[in-house]
Enquirer: 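My questions all concern the structure below.
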Amino acid sequence: METEGLELRAIRDITKTKEQEEKLRKYSILEAKSKEMEQFTYIASHDLRHPLQTILSYIKVFDKDYAKKLDEDGQMCLHLISEAATRMDKLVLGLLDYSRLSKIKQLETVNCNDIIHAVLDDLNLAIQATDATITVNNMPTLSAYPLELRQLFQNLISNALKFKRNNIRPEINISAKQDKTGYTFEFHDNGIGIEEKDREKIFQIFQRLHTHEEYEGLGLGLAYCKKIVELHNGQIWVRSKPGEGSTFYFTINT
Ligand code: ADP
């Protein structure tokens, strides 16, 4: 502002505002890309299932009507084709479920103790088969997505049962504690453990450390867990001693 040779200037440092604007711009690009990716995963997995279902039903027809006419090698090939197609169908279905996870409904008040005990009932056969001991302490009642939380608990407990050490009875301790922002849960087991270099990779989709002949599975369980925890504004991580056991931690900040 200039008056009679006098000049008045107002200077304001807007670096921070500009930096924040830039951060927001990058964030919304990332968010749009992630939505696009989710939509792509949904459409791809949904559409891939149709031809797969056709393959699977013709394998059944072929098996029923023509398998007798094949020699032993031919029958073995048919069996392997059928197994691979069934596994692929499970993977595609898993991917479809994974992409559906973000289409979230309403937060509800959830009693974690009830959920854990429902999961333990469901896993009763595996618990008995492995002679596992499971202790549950201080489960809170909190605001969460009940079905997703149940799946999270189920994946962690069934992994703790599955990745047990040979001839060692699984011991699993589950607990939670409240802090300023929410809750931290711990799922501790005395299983085979996880090497340091693999502790981040295991949360990525389809990442497995073993063949499915060694341990049955699709490599989806922990990717689901990560996505479910993130839907609850939380984080998931693991600490482990290979050959001694692992503890999975996650936070819920709803
Ligand atoms: P899956 O169980 O189908 O292999 P997950 O995504 O649940 O898939 O787990 C990925 C990998 O992480 C597993 O293949 C296994 O190597 C490792 N893992 C998961 N949970 C445990 C655990 N409690 N103890 C040892 N290793 C584990």
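Residue numbers start at 1 and run along the sequence shown. Just so you know, ligand 1 is whichever comes first in the structure, and atom 1 is the first atom listed for that ligand. Everything numeric here is computed off the predicted structure, so don't read it as measured data.
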Enquirer: May I ask you to test the L218-R87 pair for a side-chain heavy-atom distance under 4.5 Å?
Expert: yes
Enquirer: Heavy-atom contacts with ligand 1 below 4.0 Å: which residues, ordered by chain and residue number?
Expert: N159, A160, K162, F163, D189, I192, G193, I194, I202, Q207, R208, L209, H210, G217, L218, G219, L220, G221, L222, S246, F248
Enquirer: What pairs with R169 under salt bridge (Lys or Arg N to Asp or Glu O under 4.0 Å), at least two apart in sequence or on another chain?
Expert: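 Partners of R169 by the salt bridge (Lys or Arg N to Asp or Glu O under 4.0 Å) criterion, ordered by chain and then number, come out as D131.
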Enquirer: Per the salt bridge (charged side-chain N to carboxylate O under 4.0 Å, His left out) rule, what does the pair list look like for residues 171-184, sequence neighbours excluded?
Expert: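 Output for this query lists K177-E186.
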Enquirer: Going by distance alone, is a donor N or O of one side chain under 3.5 Å from an acceptor N or O of the other, for Q20 and T17?
Expert: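 Side chains of Q20 and T17: no pair found under 3.5 Å.
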Enquirer: I'd like to know if K33 and E36 make a salt bridge, using a cut-off of under 4.0 Å between side-chain N and carboxylate O.
Expert: no
Enquirer: Just to verify, what does D63 make a salt bridge (Lys or Arg N to Asp or Glu O under 4.0 Å) with, not counting sequence neighbours?
Expert: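 Listed in chain order: nothing, the list is empty.
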